[in-house]
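Let me begin by presenting the structure, written as structure tokens, before commenting on it.
All values derive from a computational prediction rather than experimental measurement.
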Amino acid sequence: MIIAVASGKGGTGKTTVAVNLALSIDNALLLDCDVEEPNDHLLIQPRINEKKPVYVTVPNIKEEKCTFCGDCAKFCKFNALFVAKGTIMVFPQLCTSCEGCKIVCKNDAIIYKTREIGEKISGISDDVELVFGQLNIGEPMAIPVIKAVKNAIFSEKKNNIIVDSPPGTTCPVIETVHGTDFVLLVTEPTPFGLHDLTIAVDAIKKLHVPFGVIINQADIGDLRVKDFCKKNSIPVLMEIPYNRKIAELYSIGKPFVKEMSEWKQKFKDLFKKIEGLVTI
Amino acid sequence: MKEITVISGKGGTGKTTITASFATLAKNTVTADCDVDAPDLHMLLHPKPFEVQDFIGPKLAMVDSKLCISCDLCQRACKFGAINNNKIDPIHCEGCGVCEIVCPEKAISLVDRVSGKAFLSKNKYGFMSHALLNPGDANSGKLVTLVRNNARKLAEKEKCNLILIDGSPGIGCPVIASVAGVNQALIVTEPTMSGIHDMKRVLKLLSHFNIPALVCINKYDLNQINTKKIEKHCSKNKIAVIGKILFDPIITKSMVAGKPIVAYSPNTEVSMAIKQMWKQLLSKLDFNS
């Protein structure tokens, strides 16, 4: 079963939930798809066993064959190519690797080269296998690194897979959540939490993946998140109260199930609840 | 005219809370909410839009089933997995146009799609530019650029000399679009391992684009050892820490009341710290308060 942990609003506790859930079940594979700012490895502290660069393809112009006709630049929807009299320029960071420019080039002047944009790192600790991605600083596009991390679903052959998502509701989140069996939306009971949750719910519904909500810091703020979930028949699967000890453990990078064993059972129960919902 | 962006790296550190308070203290300022997938600033500043624009994001491929001969050439050529059984999946379609040119029957065309809305608004503190991307849609970087361009036009028209930008978490395309060319970035961080890790990455991003950085440590009393680590890192890299804000539940109360903290409770310690930070920020921008 593949469970994604997402949110909408940043800082609601996705990594807290993903890591503590992975540590509470047996034989888990934890994927950190927040490749812009990965944090799972700070809490899991894995022994790293592999680092692999992530590449994308970009056009490489064979200038001796190029007639500067400009067909490639006219075709490119992403402004990654610029052609003027006797000059052709490629803007690699704008390129989405659609490889359409090669198709439109009548002079066979375009080949592709690879460019490194990040890395995929694997490691293991406490029976949890962690695979995370790290986008190179200055690179705009997270998706190819997210795809590389998600490939571990097929290569690692584990049954219990937790996928930690980036914050937000747009393409990096969609790419992360796509193809998973269940989404846990982590929120906080504040106006910002509620507002961003409603946007996240609308985004997740488009993917037709079943979902439920976890309310973190459940005793701050107000009851509007709970009311929203009730009104929209969204199951609230866990509430984590604001707890100074949990906050302090997080601040020093310690997953709280390691020090507060009663929570290990709660996360095991959460996992069983999700299994029940997925098989419906 | 100067521009400043408030970012964080890690989500939930307090960017919007602090930007909203800055907006109440600022004069002759246009505020821009560049967190276009999950904008929250409007919940504290209550803008009233006077202009709404459609945001045209990536194009969308459409298959004319009357012309389609099910040759599957489009599916094989699509690098984004957006075509299945002659149907286009709008979630994955990037609008690249490869399917359109490989189709032997000219059965595929690209159409514009409205991926969100941009707003030009007024609130009780001044003017505001903001937007909302449709849930799940793409191209937030392009929409961020539109929000910033709208903010600049508003600032020119209303003779404002500062644009205050609320950014989004991360370091990718929308964040790059929100800091490109600004005069100053303020990083709001928190004294946790994740906060420190993410702050270091966003500092590298700003250095990569030659944007001067300042730091604010929010909830600093939650872990004084980590707060000292942040201060040490900043000092080593010659980055000024211009504010340290206490963790105070009154901030959540002000959010529930829909008010920036400096308006909700102006004399509380948090508000005084934010006001002090604003003064320092203005002096870094060479503005008189």
(message) If we ignore hydrogens and angles and just use 3.5 Å, is the side chain of B/His197 paired with the main-chain N or O of A/Glu37 as donor and acceptor?
(response) no
Turns out that what part of B/Leu110 lies under 4.5 Å from chain A's heavy atoms comes down to side chain
Margin query: Within the structure provided, determine whether B/Asn223 and A/Tyr250 are in side-chain contact (heavy-atom separation under 4.5 Å).
Written below: no
Cut-off 4.5 Å, heavy atoms of chain A, and the answer for B/Pro58 is neither
Has the side chain of A/Thr170 got a donor or acceptor atom that lies under 3.5 Å from a matching backbone atom of B/Gly136? no
Exactly one candidate in A/His178, A/Glu175, A/Lys206 meets side-chain contact (heavy atoms from CB on, under 4.5 Å) with B/Ile91; the answer is A/Lys206
query = Should A/Val173 and B/Asp37 count as side-chain neighbours, where that means a heavy-atom distance under 4.5 Å?
reply = no
Bottom line for B/Ile176: the part with an atom under 4.5 Å from chain A's heavy atoms is side chain
Exercise for the section: Answer yes or no: is there a donor N or O on one side and an acceptor on the other, between the side chain of B/Arg201 and the main chain of A/Glu36, under 3.5 Å? Expected result: yes
Hey, does B/Cys96 have a side-chain heavy atom less than 4.5 Å from the side chain of A/Glu99?
no
Closer than 3.5 angstrom, by distance alone: can the side chain of B/Thr252 be matched with the main-chain N or O of A/Gly221 as a donor-acceptor pair? no
Donor-acceptor contact present, side-chain A/Asp222 to main-chain B/Val256, <3.5 Å | no
Which of B/Val202, B/Leu206, B/Leu205 passes side-chain contact (heavy atoms from CB on, under 4.5 Å) with A/Ile137? It is B/Leu205
